[in-house]
Amino acid sequence: MSKKQKSNNTKGEEVMSSLKEYRLSLTEKAKYIVSKLTLEEKVYLMSGRVSEEELTEAFNISSSDVHYNYYPYPAGGNQRLNVPELKFCDGPRGVVCGKSTCFPVPMARGATFDPELEGKIGEAIAKEIRAYGGNFYGGVCVNLPYHPGWGRSQEVYGEDDFLLGKMGSALVKGVQKHNVIACVKHFAFNSMENARFTVNVKADQRTEQEVFLPHFKDCIDAGAAAVMSAYNKYNGIYCGQNGYLLDHVLKETWGFDGFVISDFIWGVRDTIGSATNGLDVEMCNTKFYGERLVKAVHDGLVSESEIDEAAVRIVRTLLAFVDAKDPQEYTKELIACQAHIALAKRAAEEAMTLLKNDNKVLPFSKAKVKRIAVIGKLANKANIGDHGSSRVFPPYVVTPLAGIVNLMENSEVDYYNGEDLERAIQIAKAADAVVLVVGNDHDDEGEYLEPNDVAKFSKKIGGDRKNLGLHKNEIELIKKVGPINPNTAVVLIGGSMILMDEWKDYVPAILMAYYPGMEGGTVIAETLFGDVNPGGKLPFAIVKNEEDLPKIDWYADEITYGYYHGYTKLDKEGIKPLFPFGYGLSYTSFQISDPSFIVDKDNIIASCKVKNTGGMNGDEVIQFYVGFSNSSVDRPVKLLRGFQRVTLEPGQEVTVNITCPVEKLKWYNPQTSSWELEDITYEAYIGTSSDPNDLLSGNFRI
């Protein structure tokens, strides 16, 4: 979108000239414009313009040439007074429009623990949106997965609210550097797919304030200019008309001055309920706003002042981004350009998480490995994530098999899908190295769409995972083939936790690749053969038994979310995970020493020395946790409160300093409806994972 839209309407030009002459503030500009609009024009600003039929047909077709959000979806606008349209582009693993760069899914990017990199990804995404003519990015997804089986877990950064907030904030800032509105979603308590249109989620106030909302506030504090409401109910009220969430929490308590859009089609259930409780824009079609909303105003059921407030928020935000000075041109050549593809590749490199490497099986030797067995149907599949609203259609995808073939062009690569175990065994016996590629795809997990009375789709896609482990045939494949060859590695593809206690002892090496994007196969190959040193860290804990997770019913009419989940639940119950939160191995080794924890005014500064004691360049993620054993109220054993990724050469040593605001140590007191800081001694931990054995400890007082 151009920085200043030209109008053929003389009156519109006079209005803008008048605004400049009086040097009005942005809010005053917006109020002035809104005062010149008719009621119908104001309501039009609040209305999406893509039909339900077009949307469902796009999902039913889902080809690379015609698919959901192939072009930016429009809403609002007013040519008479030069108010630009909202032009929506979805995400979060890239721009859904056209054929765009496909980055690794956010869960993989969470494994990088690298907000700086996430900011650069945000910039690349924004540039491609601008090249498509869009100005709005609906891809900052920071919902917290209460249970790892949630089908859209891949769209978020992990199980920890602090990590979600840091990475989401980085994406917001990167996107908005290029005058694209960043929209944070889905507000709030949206972490179930199969029942997402009907489920009522309940939570007590401490759980709400301390666990499920802080990461949203972090993104708002980072400047996010838009928020998308959720489909589900919260405490009995649909989120799209939940005045407590949209008006009280978001706009009044947090001071959010942007605008709120609905989730698409079914995010609005009632004209009056939404319009009077903080929902500013109905997306992506108009069903409950438009004529119905105009009539509700005429009938005295909705006050025009509420329409004015929504209109001002919309106009002010759009003008702020469109009028901003930006000398850069955003041409079509930016879409899936080499620089963005290289960035997607770097993100995949940083995400690769090595979970097991007995006898230093990895990296495989390029010189010694002349015959490679690549086994598993996912090895030869372009597997970049679910097929819901986040689906990106890149110009190409490198599969794990193609990546290995391309890298090891002088070696013989034997591929087999693994259907016949005896044949797979024979292929493994004849190889110098074996790569088993297993895990999930869009049929196993993702945004849930199914033919029913609510969602009129012709085919089922995605959904919540009822089985957190591998498919039975894949487990059997690992158990039978794994012991055959001592040089065997399992590569896991998937968007969240995969149970593996049943088979992990049958292979010496396990690499978690997540859904690694369009260059994922290249990076998997380079990691297996040592061109890339894995430095990713698990953004979730992996349990031994599913019973260690919160109880869940994916088809529940009502569910209560508890205060503990993920590693905080495991810590509190004294359960040792199979792999802890923040865990990941490297091809080199690191030594952590000299921990220090200092309170400096409004911050805690945690520091330590980190030394690369191995023989290869490598990355380590230093993590800072705060413990609350001296608390007078029920609190977690410890919480992540800072992290920093560092790259070190062999023998290099650096001092890492991590700063945590004191504000992040407060707890929410429901009796006083306020955040309070306890006058206690806090435990402090710094190290390389949440496991106590990987942490150095100390303490501090505020």
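In what follows, every heavy atom counts, from backbone to side chain, and hydrogens, waters and symmetry copies are set aside.
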Flag side-chain contact, heavy atom, 4.5 Å: Y137 against L171: yes

Check: G495 main-chain N/O paired with E445 side-chain donor or acceptor under 3.5 Å: yes

Rounded distance [0.5 Å steps], CD1 in I605 versus OG1 in T659: 4.5 Å

Check: N190 and M228 side chains under 4.5 Å, non-hydrogen atoms: no

Expected output: side-chain N69 to main-chain V96 donor-acceptor under 3.5 Å: no

Over 12 foreign heavy atoms within 6.0 Å of NZ, K638: yes

Side chain to side chain, F540 and P145, heavy atoms closer than 4.5 Å: no

Flag for E683-Y685: side-chain donor and acceptor within less than 3.5 Å: no

Heavy atoms from other residues, nucleotides or ligands near NZ of K479 exceed 12 (cutoff 6.0 Å): yes

Interatomic spacing from CE in M352 to CE in M512 - rounded to 0.5 Å: 9.5 Å

Pairwise side-chain contact, P148 with L549, heavy-atom cut-off 4.5 Å (strictly under): yes

Mutual orientation of the aromatic rings belonging to Y146 and H565 [parallel < 30°, tilted 30-60°, perpendicular > 60°]: tilted

Audit row: L470, I478, side-chain contact (heavy atoms from CB on, under 4.5 Å) steps and yes/no: CA-CA 10 Å; L470 295 174; I478 293 171; 3.6 Å; yes

Under 3.5 Å donor-acceptor, K185 side chain and G138 backbone: yes

F643 and F162 aromatic ring geometry - parallel, tilted or perpendicular at 30°/60° bounds: perpendicular

F590 atom CZ, over 12 foreign heavy atoms within 6.0 Å: yes

K345 NZ: over 12 foreign heavy atoms closer than 6.0 Å: yes

Student check: side-chain heavy atoms of F393 and C102 closer than 4.5 Å: no

Neighbour count above 12 (heavy atom, 6.0 Å) for K177 NZ: no

Heavy-atom donor-acceptor pair, E349 side chain to V523 backbone, under 3.5 Å: no

Donor on one side chain, acceptor on other, N533 and S586, under 3.5 Å: yes

Stepwise side-chain contact (heavy atoms from CB on, under 4.5 Å) test for N440 and H471: CA-CA 9 Å; N440 297 318; H471 300 282; 4.2 Å; yes

K217: salt bridge (charged side-chain N to carboxylate O under 4.0 Å, His left out) partners, not counting sequence neighbours: D221

4.5 Å side-chain heavy-atom contact, Y625 and L639: no

From CA spacing to verdict: side-chain contact (heavy atoms from CB on, under 4.5 Å), E573, Y564: CA-CA 10 Å; E573 296 175 0; Y564 291 102; over 6 Å; no

salt_bridge(R196, E193) N-O dist < 4.0 Å: yes

Reported CD1-to-CD distance for the pair I375 and E474, which is rounded to 0.5 angstrom: 12.5 Å

L343 vs L117 side-chain heavy atoms within contact, under 4.5 Å: yes

Pair D358 + K504, salt bridge at N-O below 4.0 Å: no

Nearest-0.5 Å distance that lies between atom CE in M167 and atom CG in D218: 13.0 Å

Euclidean distance, M518 CE relative to I384 CD1, rounded to 0.5 Å: 8.5 Å

Rounded distance [0.5 Å steps], CG in L578 versus CG in L355: 8.5 Å

Heavy-atom donor-acceptor pair, N612 side chain to G651 backbone, under 3.5 Å: no

Under 3.5 Å donor-acceptor, Q623 side chain and T688 backbone: yes

Basic-acidic side-chain contact under 4.0 Å: R645, D619: yes

Side-chain (S690) to main-chain (F581) donor-acceptor, under 3.5 angstrom: yes

Qualifying residue for side-chain hydrogen bond (donor to acceptor under 3.5 Å, both in side chains) with H340, from K127, E128, K120: E128

Side chain to side chain donor-acceptor pair (under 3.5 Å) pairs, two or more places apart, involving residues 107-116: R109-E118

Donor-acceptor contact present, side-chain D441 to main-chain D443, <3.5 Å: yes

Side chains of E159 and Y567, donor plus acceptor under 3.5 Å: no

NZ/NE/NH1/NH2 to OD/OE distance under 4.0 Å, E350 and K537: no

Short side-chain donor-acceptor distance under 3.5 Å, H186 and N143: yes

Aromatic ring pairing W554/H147, orientation class (parallel under 30°, perpendicular over 60°, tilted between): perpendicular

N-O pairing of D548 and K569 below 4.0 Å: no

Salt-bridge present (D386, R152; N to O < 4.0 Å): no

Partner of V156 under side-chain contact (heavy atoms from CB on, under 4.5 Å), chosen from V140, V142, L164: L164

Qualifying residue for side-chain contact (heavy atoms from CB on, under 4.5 Å) with F624, from I604, N657, L640: I604

Derivation of the salt bridge (charged side-chain N to carboxylate O under 4.0 Å, His left out) call for K576 and D691: CA-CA 9 Å; K576 186 175 178 61; D691 189 303; 3.2 Å; yes

Full working for side-chain contact (heavy atoms from CB on, under 4.5 Å) between Y506 and T488: CA-CA 10 Å; Y506 287 82; T488 297; over 6 Å; no

Greater than 12 external heavy atoms within 6.0 Å of N545's CG: yes

Nearest heavy-atom neighbours spanning V621 and G535: CG2-O, 4.1 Å

Side-chain heavy-atom pair P363, T527 within 4.5 angstrom cut-off: no

Minimal non-hydrogen separation, A351 against A108, with atom names: CB-O, 3.2 Å

Whether E502 side chain and I475 backbone form a donor-acceptor pair below 3.5 Å: no

Contact summary for A182 and V175, nearest pair of heavy atoms: CB-CG1, 4.1 Å

Check: R93 side chain, S390 main-chain N or O, donor-acceptor pair, under 3.5 Å: yes

Side-chain donor-acceptor contact under 3.5 Å, Y514 with T353: yes

